[in-house]
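Keep in mind it's a predicted model, so treat the numbers as computed, not measured.
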Amino acid sequence: MNEDRTLVAVFDSDHALFFEYKPAHGKLVAALEDVKSTLDHDKRDIDTDKPGRGFSGNGSHHSYESPSDVRKLEKHDFVRAVAQGIDEALERHEFGRLAIVAPSRSMGEFRSVASDKVKKMIWREVPKEFANMPIPELERHLVPILQQPAS
């Protein structure tokens, strides 16, 4: 395990950035990886089938709603992929501590899909929406938070 390395995962439901945090230098090392989901496409591209039609006894027709929200499922799958990527990096002993930075909803989703090994590595949780910030601005906001003593 590389105890000296802190992986910082900054994500939301469709964009993830990964950094190494250098506490001795008080900075983030340039993005190790920048991952974007495919959520930019039109919902019709992924949910093309028309809903089924029904017929009630009084002569009226109606359509059936899809049982699941396709976009919601894609967001869930993206956060699951982030958690799996972090798990794989942990298996390769690439870091010894983990900081996750995500909006509260994405953080909760992450906790629900992350392995127990990954959850044990979490050193800091920052419930902020920083995933789409320019990197210099992200570093300016995030480093002071990471430098605060653990509570």
Side-chain angles (χ1 to χ4, degrees), residues 1-51 63-151:
M1 190 80 43
N2 195 335
E3 297 293 330
D4 297 338
R5 294 189 74 184
T6 300
L7 177 67
V8 179
V10 182
F11 62 94
D12 58 17
S13 60
D14 76 334
H15 187 214
L17 294 159
F18 299 94
F19 300 91
E20 181 180 350
Y21 173 58
K22 299 277 192 179
H25 304 294
K27 67 179 202 168
L28 298 174
V29 175
L32 303 172
E33 192 169 355
D34 185 348
V35 181
K36 191 91 169 116
S37 80
T38 57
L39 286 173
D40 290 338
H41 57 71
D42 193 327
K43 183 178 185 234
R44 291 174 292 193
D45 293 341
I46 54 175
D47 194 18
T48 58
D49 291 342
K50 290 183 179 180
S63 64
Y64 294 108
E65 290 297 317
S66 175
S68 61
D69 180 351
V70 179
R71 284 224 189 260
K72 194 174 199 177
L73 289 173
E74 277 199 2
K75 290 176 182 183
H76 176 79
D77 289 345
F78 182 76
V79 173
R80 181 187 311 268
V82 168
Q84 287 173 341
I86 291 170
D87 198 315
E88 290 166 9
L90 176 61
E91 286 293 319
R92 293 188 302 268
H93 306 289
E94 293 182 6
F95 64 93
R97 295 191 309 178
L98 173 64
I100 57 172
V101 181
S104 296
R105 181 178 208 149
S106 295
M107 194 171 294
E109 186 95 28
F110 178 84
R111 276 193 231 102
S112 74
V113 297
S115 70
D116 289 338
K117 294 181 300 186
V118 168
K119 289 179 199 174
K120 287 179 186 173
M121 300 306 295
I122 296 175
W123 160 70
R124 183 73 47 96
E125 291 183 351
V126 181
K128 302 282 186 181
E129 192 163 334
F130 287 167
N132 293 306
M133 270 186 187
I135 292 175
E137 187 177 343
L138 170 72
E139 187 172 36
R140 193 173 68 246
H141 283 83
L142 188 55
V143 168
I145 295 169
L146 295 175
Q147 289 176 333
Q148 294 174 356
S151 49

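Closest approach of Ala99 to Leu146, counting heavy atoms only: CB-CD2, 4.0 Å. Nearest heavy atoms, Arg124 versus Ile145: NH1-O, 2.7 Å. Contact record, Ala131 with Leu17: O-CD1, 3.6 Å, taken as the closest heavy-atom pair. What you find for Ala114 and Ala83 is that their closest heavy atoms are CA-CB, 4.0 Å. Here the closest non-hydrogen pair linking Val8 and Leu142 is CG1-CD2, 3.9 Å. Pairing each heavy atom of Val79 with each of Asp12, the nearest pair is CG2-O, 4.1 Å.
Atoms CG and CZ, from Leu138 and Phe19 in turn, are 5.0 Å apart once rounded to the nearest 0.5 Å. Between Lys75 atom NZ and Arg105 atom CZ the span is 7.5 Å, to the nearest 0.5 Å. Rounded to the nearest 0.5 angstrom, His93 NE2 and Arg5 CZ are separated by 13.0 Å. Atom CD1 of Ile135 sits about 13.5 Å away from atom CZ of Arg140, to the nearest 0.5 Å. The distance from the CG atom of Leu73 to the CZ atom of Arg80 is 10.0 Å, given to the nearest 0.5 Å. Note that NZ of Lys117 and CD of Glu91 are 3.0 Å apart. Values are rounded to the nearest 0.5 Å.
Residues Phe95 and Ile86 are in side-chain contact: their nearest non-hydrogen atoms beyond the backbone lie under 4.5 Å apart.
Environment of NZ in Lys22: sparse, with no more than 12 heavy atoms of neighbouring residues, nucleotides or ligands closer than 6.0 Å. Open room surrounds NZ on Lys27; 12 or fewer heavy atoms of other groups in view lie less than 6.0 Å from it.
Listed by chain and number, the residues in a salt bridge (Lys or Arg N to Asp or Glu O under 4.0 Å) with Glu88 amount to none (sequence neighbours excluded). By the side chain to side chain donor-acceptor pair (under 3.5 Å) test, Arg111 is found to be paired with Glu125, residues two or more places apart in sequence or in another chain being considered.
Between the side chain of Glu20 and the main chain of Val29, no donor-acceptor pair closer than 3.5 Å is present.
Sequence neighbours left out, the pairs with a member in residues 112-139 that pass ring-ring contact (aromatic ring centres under 6.0 Å, His included) are Phe130-His141.
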